[in-house]
Amino acid sequence: MQVRTIAFHHFGCKVNFAEGSSISRQFLENGYSLIDFREKADVYVISTCVVTAVAEKKCRAAIRQAHKINPEAKIAVIGCYSELKPTEIASIDGVSVVLGHSAKFNLFEEIEHLDSTTGYGHHPVPVGEFVPSYSFSERTRSFLKIQDGCDYYCSYCTIPFARGHSRSDTIQNVLSNIRKIAAEGMKEIILTGVNIGDFGRETGETFTGLIKALEKDAEIPRLRISSIEPDLLNQEIIEIIAGSKKFMPHFHIPLQSGSDPILKAMKRKYDTRLFASRITKIKEMMPDACIACDVITGFPGETVTLFQETLTFLENLDISYLHVFNYSKRDLTLAAGLADPVPDKTRKERSELLHALSVKKKHHFYLQNEGKVASVLFESDHSDGFMQGFTENYIRVKTPFDQELVNQIILVRLEEVDEEGIFTVQLLNPEKIKRNVQQTLPDAAS
């Protein structure tokens, strides 16, 4: 019997990645072989995003690419784009199945019962259930979904319409999934969701309670928190991470604008003063912490003066780098009806200024860490004779490839940054590496 093949293409957030990975396991467990999206497959699955118009354009291009590679293949399109614009997707040649968020977890059954020449299925998301997921394709770390949906309804964002209301896993089930991930040999888990700080609202649990439980009971060497809203990142959470032996000093905090009038128009739940206080607290307790921020430029009504407020605010903020996005008009959102749009050319110019600031910030952050000792989890991928990994505070490093280093936590000294922005390192415990002994920074000091 010929083995059936399937290829996945994930767009958007790490939640999409975790969910897609869980879905792929259903196919692998039923005899499918997972291949690269650029190869000829029997089934193509495209996990979509609607954060920007560019994201939608990339999703459509991936559908056309799959249909061109194999016109006879079944093409399933799942995710946010599928939920909000199913008719638009269904009109694209080659699409066989369009599934919403909860229904996409039934993808295997849908594909198995689909007539590849005439069949077509569309199922909108029945909002309400939380479906846990985690990724497994990387040997060293996994993205674990602990929360889904959002109740914030920021004026520029369609995610609440696509993913529904905020809902979460339970602390006990998160711990159970961590045990499963650890049993597969992975050493690091990134807690992810649409609004993870909102964890437990409907169950009576809290995100603070979750990280306390994980610090106490999770049998995994490393934990990271993905993007968390500044109003939900309270002082207690920061203090727990600062004193943790498992949570890494690494934060991703969406700012979106450094101008209070724009934050108000965006319907964000904080102002610049609160945001700056969070950064100050983190740096007071964890001077070496990596802090990444999201920022949107070109929001309607962003004048030259208001943009300069954002630029000045960010210049004076002790952050490590930026994720920069041009504002994209989205149907269903309040911002879509706002006056005073910012011209595309101006958005591009402002984006370039913010990207330049991000490069400057990251360079400064790396220089602050030069010569310091850190522990690195090395990954299996390698290129040009080198392998890479990340320090506790998310600095990317490289060293000559050695199979015995893969999925090991190794003590290193950060030497210098190369032209690609990656640190070369000196391995500080080579005699233990050869015995495959996992080494952490506290152990090394003892």
Side-chain angles (χ1 to χ4, degrees), residues 11-13 15-16 48-60 79-86 88 101 125 127 148-166 193-195 197-198 227-232 252-275 293-314 322-355:
F11 289 99
C13 61
V15 181
N16 263 357
T48 62
C49 176
V50 289
V51 169
T52 65
V54 172
E56 291 184 3
K57 183 179 180 181
K58 289 181 178 179
C59 294
R60 293 192 297 271
C80 292
Y81 193 7
S82 303
E83 180 57 32
L84 293 182
K85 299 182 180 180
E88 182 176 300
H101 277 296
V125 57
V127 174
D148 200 352
C150 186
D151 297 333
Y152 272 25
Y153 289 91
C154 298
S155 65
Y156 55 84
C157 184
T158 59
I159 297 303
F161 303 104
R163 283 190 171 266
H165 68 85
S166 179
V194 176
N195 188 358
D198 212 28
S227 179
I228 182 169
E229 293 290 320
D231 55 298
L232 298 175
H252 183 173
I253 314 171
L255 169 63
Q256 310 308 12
S257 176
S259 166
D260 285 332
I262 294 296
L263 286 176
K264 186 175 181 180
M266 288 177 166
K267 295 194 175 297
R268 301 293 284 165
K269 296 183 180 295
Y270 55 88
D271 56 17
T272 53
R273 183 178 179 180
L274 182 145
F275 192 93
C293 294
D294 294 340
V295 61
I296 297 171
T297 187
F299 187 82
E302 185 187 61
T303 63
V304 173
T305 300
L306 295 180
F307 173 70
Q308 188 58 49
E309 285 183 9
T310 290
L311 200 59
T312 301
F313 181 73
L314 287 167
L322 302 169
H323 294 284
V324 181
F325 303 90
N326 284 3
Y327 168 74
S328 182
K329 184 177 179 179
R330 305 278 76 201
D331 294 339
L332 304 176
T333 64
L334 290 173
L338 294 179
D340 302 320
V342 177
D344 288 344
K345 181 181 178 182
T346 303
R347 292 183 216 176
K348 182 179 179 181
E349 291 170 349
R350 293 176 182 176
S351 177
E352 290 172 353
L353 289 171
L354 289 168
H355 274 105

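Here CG of D231 is found 8.0 Å from OH of Y270. Values are rounded to the nearest 0.5 Å. Distance check, rounded to the nearest 0.5 Å: CD1 of I159 to CG of D148 gives 10.0 Å. A distance of 13.5 Å separates CG of N195 from NE2 of H165, quoted to the nearest 0.5 Å. Expressed to the nearest 0.5 Å, how far CG of L84 lies from CG of D331 amounts to 9.0 Å. Taken to the nearest 0.5 Å, the SG atom of C293 stands 9.5 Å off from the CD atom of Q256.
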List the atom pairs, with distances to 0.1 Å, where a side-chain N or O of residues 339-349 and a protein N or O form a donor-acceptor pair under 3.5 Å, not counting sequence neighbours.
| from | atom 1 | to | atom 2 | distance (Å) |
| --- | --- | --- | --- | --- |
| R347 | NE | V342 | O | 2.8 |
| R347 | NH1 | Y327 | O | 2.8 |
| R347 | NH2 | V342 | O | 3.2 |

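Partners of F325 according to the side chain to side chain contact (heavy atoms under 4.5 Å, CB included) rule, which considers only residues two or more places apart in sequence or in another chain, are D294, I296, H323. Evaluation of the side chain to side chain contact (heavy atoms under 4.5 Å, CB included) rule for S351 yields T297, V324, N326, H355 as partners, not counting sequence neighbours. Under the rule for a ring-ring contact (aromatic ring centres under 6.0 Å, His included), F313 has no partner lying at least two apart in sequence or in another chain. Shown here are the side chain to side chain donor-acceptor pair (under 3.5 Å) partners of E88, two or more places apart in sequence or in another chain: Y81. For C154, the side chain to side chain contact (heavy atoms under 4.5 Å, CB included) partners two or more places apart in sequence, or in a different chain, are Y152, Y156, C157, R268. Legend: residues meeting ring-ring contact (aromatic ring centres under 6.0 Å, His included) with F307, ordered by chain and number and at least two apart, are absent. Taking K85 as the reference, E56 meet the side chain to side chain donor-acceptor pair (under 3.5 Å) condition, with sequence neighbours excluded. The side chain to side chain contact (heavy atoms under 4.5 Å, CB included) check on D260 picks up L263, D271, T272, with sequence neighbours excluded. Judged as a ring-ring contact (aromatic ring centres under 6.0 Å, His included), and not counting sequence neighbours, the contacts of Y153 are F161. With sequence neighbours left out, D198 forms a side chain to side chain donor-acceptor pair (under 3.5 Å) with S166, R201.
Every pair passing salt bridge (charged side-chain N to carboxylate O under 4.0 Å, His left out) that includes a residue from residues 300-313 is listed here, sequence neighbours excluded: E302-R350.
For the side-chain contact (heavy atoms from CB on, under 4.5 Å) test with C80, the passing option among V50, V51, V15 is V50; the others fail.
Summarising the geometry of G197 relative to L232, their closest heavy-atom pair is C-CD1, 3.5 Å, with the distance given to 0.1 Å. Scanning both residues, C49 and C59, for their nearest heavy atoms gives N-SG, 3.6 Å. Shortest non-hydrogen contact noted between P230 and P254 is CD-O, 3.5 Å.
Between S259 and T310, the side chains place no donor N or O within less than 3.5 Å of an acceptor N or O (distance only, hydrogens not considered).
Side-chain contact check for S328 versus V54: every heavy-atom pair is 4.5 Å or farther apart. Residues L306 and F299 are not in side-chain contact: their nearest non-hydrogen atoms beyond the backbone lie 4.5 Å or more apart. A heavy-atom distance below 4.5 Å is found between the side chains of T158 and T333.
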